[in-house]
Q: 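One structure follows; several queries about it will come next.
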2 protein chains.
Amino acid sequence: MLTPSEKKTFKFIQQYFMEKGYAPTLKEIAQGIGINSRGVVHRYLKSLESSHLITILPNRKRGIHLNPEANENIPLVPTIPLLGRIAAGHPIEAIEGRDEINLADFIMNADRFALQVTGDSMMEAGILDGDTVIIKHQNTANNGDIIVALIDGIEATLKRLKRLPDGMVLLMPENKFMETIAYEPERVQIQGVVVGQLRSYQ
Amino acid sequence: MLTPSEKKTFKFIQQYFMEKGYAPTLKEIAQGIGINSRGVVHRYLKSLESSHLITILPNRKRGIHLNPEANENIPLVPTIPLLGRIAAGHPIEAIEGRDEINLADFIMNADRFALQVTGDSMMEAGILDGDTVIIKHQNTANNGDIIVALIDGIEATLKRLKRLPDGMVLLMPENKFMETIAYEPERVQIQGVVVGQLRSYQ
DNA sequence: GATAATAGAGAACAAATAGAGAACATTCAA
DNA sequence: TTGAATGTTCTCTATTTGTTCTCTATTATC
């Protein structure tokens with residue numbers, strides 16, 4: 001179990017790694033977490049090592065490794081550090097305030113489930129073949145939402161919703177090679193709304 | 001059975017755990033449930049321990065463990081049910097075997113972090129303005145990987161990597177309105193590889 | 001009314017944590 | 001080779017925190 005100081009130390013190391021591409025010195029860590037003593041930092045590092053979060057190469061300068069396989073030791077909060085904003089042509093810009101993403105907030109919820117997407121009908125909305133979408137189960141949706149709809153009780157589809165003033169329901173793909181189709185409202189049953197999306201490149 | 005105060009205490013601890021990743025101090029619990037006395041909190045903790053809801057590590061600061069069996073409503077491993085595969089024009093197809101997505105496997109790892117993407121340079125790869133990409137920290141990458149690169153030690157960018165036989169490094173945007181640029185290898189420092197992606201529609 | 005259970009305040013002490021900084025060993029670059 | 005920077009091990013101090021008490025108040029029950 002990490003103390004708050006140890007956690008702070010660990011986060012600083014992660015962030016430093018990202019920005020510089022190499023590990024910080026003990027002095028830099030000390031400054032980064034707001035203390036003066038290298039000895040104290042060393043104590044925190046020893047503790048992080050015994051939690052298998054890092055590996056210390058003895059006596060090496062900047063000899064800290066982040067351990068990839070360490071998730072079992074921080075099991076409780078599904079968070080990942082959010083280090084900043086990346087835009088082409090600029091240095092990575094730090095984000096004040098929010099410094100981590102809580103996956104629980106992001107998607108976990110009793111009324112949510114996942115679907116794996118096949119096909120390219122939502123390609124131009126950034127939803128590609130093989131992606132996973134997180135659906136919030138609900139029977140209504142707003143204009144412009146991306147929804148899971150059941151047509152005639154059988155055919156399921158992922159489309160953007162638009163209701164016309166005359167009552168017709170448009171299900172619009174985000175792919176210029178595919179056509180929007182209009183349905184009578186009673187043929188379309190809304191199953192849920194897309195609230196998130198995941199993609200794995202591994 | 002628990003008294004109302006004990007229940008309140010237990011809920012506060014659960015919530016604190018989810019948010020911070022470590023246990024609260026007695027003082028924090030006291031404030032959290034609206035009293036002043038650490039001694040009283042300690043009494044509640046003893047009671048929660050004898051109900052096997054928590055374990056107290058004696059004399060440890062923040063030495064409270066939530067007992068997993070008593071905690072079934074809060075999953076330790078964040079998962080979301082994966083209901084099937086959706087393809088335009090077909091019913092939702094069930095997936096045998098895998099029926100839930102483990103978010104910990106998906107992204108959480110000590111050497112991973114998140115970056116928020118600004119701009120449209122990777123649009124055609126389905127990475128849109130505002131998306132969050134999960135980066136695995138590493139200094140090497142394969143041809144075709146989407147990487148975070150530092151150019152001349154300053155400028156950070158998200159591009160697809162291609163190495164030419166003559167040693168030059170191509171950083172290719174996925175946007176037909178932007179141009180691929182070739183760099184001498186010593187100007188490009190690889191910071192990490194994109195291993196995942198999140199998008200929130202909320 | 002007596003009794004027990006619940007709630008809370010707060011004092012007193014022991015122990016853990018956070019931090020400073022000295023002293024020495026080791027690296028690493030000039 | 002040498003010196004500065006860095007890692008490592010210590011001892012010391014202060015503060016916070018956990019723990020155990022005793023005391024008071026309220027409420028419900030017999």
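Below, chains carry the letters A, B, ... as their sequence lines are ordered, and counting in each starts from 1.
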Q: With sequence neighbours left out, what residues match Asp131(A) under salt bridge (charged side-chain N to carboxylate O under 4.0 Å, His left out)?
A: Arg199(A)
Q: For nucleotides 20-30 of chain C, give me one character per nucleotide, 5' to 3': B if any protein heavy atom sits under 4.0 Å from the base, S if the only such contacts are to the sugar-phosphate, - if neither.
A: BB----SBS--
Q: Hey, which of these two, Ser5(A) or Pro4(B), hits DNA chain C nearer its 5' end, going by closest nucleotide?
A: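 So the residue in question is Pro4(B).
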Q: Is there a side-chain contact between Thr3(B) and the phosphate of dA7(C), meaning an N or O under 4.0 Å from OP1 or OP2?
A: yes
Q: Regarding Glu28(B) and Arg38(B), does a basic nitrogen lie under 4.0 Å from an acidic carboxylate oxygen?
A: no
Q: What integer distance in Å separates Ile33(A):CD1 from dT17(C):P?
A: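 Nearest whole value for this atom pair: 16 Å.
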Q: Starting at NZ of Lys46(B) and ending at P of dA7(C), how long is that distance when rounded to a whole Å?
A: 19 Å
Q: Under 4.0 Å between a side-chain N/O of His42(A) and OP1 or OP2 of dT8(D), yes or no?
A: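 It does, given that an N or O in the side chain of His42(A) lies less than 4.0 Å from OP1 or OP2 of dT8(D).
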Q: Between dT19(D), dT6(D), dA7(C), which nucleotide has the shortest distance from any of its atoms to the side chain of Ile56(B)?
A: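 That would be dT19(D).
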Q: In whole angstrom, what separates Arg62(A)'s CZ from dG7(D)'s C1'?
A: 13 Å
Q: Return yes if some donor-acceptor pair links the side-chain N/O of Glu124(A) with the main-chain N/O of Lys176(A) below 3.5 Å, else return no.
A: yes
Q: Flag the pair Lys61(B) / Thr3(A) as yes when at least one side-chain heavy-atom distance between them is below 4.5 Å, and no otherwise.
A: no
Q: Judged by modelled atom types alone, do Lys159(B) and Thr157(B) share a side-chain donor-acceptor pair under 3.5 Å?
A: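 Yes, Thr157(B) and Lys159(B) have a side-chain donor paired with an acceptor closer than 3.5 Å.
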Q: Return yes if a side-chain donor-acceptor contact under 3.5 Å exists between Glu6(B) and Ser47(B), otherwise no.
A: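 Present: a donor and an acceptor within the cut-off.
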Q: Tell me: CG of Leu45(A) to C1' of dT9(D), nearest whole Å?
A: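 Taking atom C1' of dT9(D) as the reference, CG of Leu45(A) is at 14 Å.
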Q: Can you list everything that forms a salt bridge (charged side-chain N to carboxylate O under 4.0 Å, His left out) with Glu49(B)? Sequence neighbours excluded, please.
A: Lys46(B)
Q: Report the distance from atom CG of Leu26(B) to atom C1' of dT15(D), rounded to the nearest whole Å.
A: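 Roughly 16 Å, once rounded to whole Å.
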Q: Quick one: is Tyr44(B) getting a side-chain N or O under 4.0 Å of the dT6(C) phosphate, OP1 or OP2?
A: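 So the side chain of Tyr44(B) is outside the cut-off, no N or O lying under 4.0 Å from OP1 or OP2 of dT6(C).
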Q: Rounded to the nearest angstrom, tell me the gap between atom CG in Leu48(B) and atom P in dA7(C).
A: 11 Å
Q: Nearest-Å distance, CD1 (Ile54(A)) to P (dG7(D))?
A: 12 Å
Q: NZ of Lys27(A) versus P of dT8(D): gap in Å, rounded?
A: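 Distance, rounded to whole Å: 17 Å.
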